[in-house]
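So the structure is just underneath, and the comments pick up after that.
The structure presented is a predicted model; accordingly, all values stated were derived computationally and were not measured. Basis for what follows: all heavy atoms, side chains included, without hydrogens, waters or symmetry-related copies.
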Amino acid sequence: MTDDAGLPGPENPAPSDAPRGTARVAVEYCTQCRWLLRAAWVAQELLQTFRTRLGEVALVPGTDGVFRVTLDAGDGPVLLWDRKTDGGFPEIPDLKRRVRDAVAPDLALGHTDRAAARSGAGGEAPAEG
């Protein structure tokens, strides 16, 4: 018989490194246009960048050329990007800045912030120390 005490499992969940966020991002994409892979890539980029600061990133199938990204941080959904209104698809660094500003204003985005500061877009980069 093996001794599993102390190993993560249903009885002993693994300790969390950081508290989980509760914000929900929804990426609505057009199934007719076959934009699932693009939507999944956007979701992967956000999950990788914000790790535990987001509670969920959902892929929402739609039609009629929709590609929309919304964020609900507890006060109801806020539109971050709409392909028809904003003209095309979001640039990932810009989308990450929009999500960061809403859910994790203290989070430095590294090269994304520095590139925005050099181009004059997105405000000033945090001071490097």
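Remark: the backbone N or O of Ala58 is not paired with any side-chain donor or acceptor of Arg24 at under 3.5 angstrom. Distance alone, capped at 3.5 Å, is enough to place a donor-acceptor pair between the Asp72 side chain and the Gly76 backbone.
Using a 4.5 Å cut-off on side-chain heavy atoms (C-beta onward), Thr31 and Thr63 make contact. Using a 4.5 Å heavy-atom cutoff, the side chains of Arg97 and Leu109 are in contact. Between Glu45 and Val99, the closest side-chain pair of non-hydrogen atoms is not below 4.5 Å.
Shortest non-hydrogen contact noted between Gly65 and Cys33 is CA-SG, 3.8 Å. Closest approach of Ala104 to Arg53, counting heavy atoms only: CB-NH1, 3.2 Å. Among all heavy-atom pairs drawn from Val27 and Phe67, the shortest one is CG1-CZ, 3.9 Å. When all heavy atoms of Trp81 and Gly88 are compared, the closest pair comes out as NE1-O, 2.9 Å.
With a 6.0 Å radius and a threshold of 12 heavy atoms from other residues, nucleotides or ligands, Asp75 has its CG atom at or below the threshold. Counted within 6.0 Å of CD on Glu91, heavy atoms from surrounding residues, nucleotides or ligands total 12 or fewer; the atom is thus considered open.
Placement of Val42 and Leu79 in two distinct hydrophobic clusters is found when ILVMFWY residues are connected by side-chain heavy-atom separations under 4.5 Å, directly or transitively. Put simply, Phe89 and Leu59 are part of the same group of oily side chains (I, L, V, M, F, W, Y) that touch within less than 4.5 Å, one to the next. Grouping the Ile, Leu, Val, Met, Phe, Trp and Tyr side chains by contacts below 4.5 angstrom, directly or via other members, places Val60 apart from Leu80. Val78 and Val25 are not part of a single hydrophobic cluster, where members link through side-chain heavy atoms under 4.5 Å apart.
Here the straight-line distance linking atom CG of Asp82 with atom OG1 of Thr70 works out to 10.0 Å at 0.5 Å rounding. Note that OG1 of Thr49 is 8.0 Å distant from CG of Leu107, once rounded to the nearest 0.5 Å.
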Exercise for the section: Apply salt bridge (charged side-chain N to carboxylate O under 4.0 Å, His left out) to Lys84 and Asp64, showing your working. Expected result: CA-CA 10 Å; Lys84 292 179 181 176; Asp64 297 325; over 6 Å; no
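With sequence neighbours excluded, no residue forms a salt bridge (Lys or Arg N to Asp or Glu O under 4.0 Å) with Arg83.
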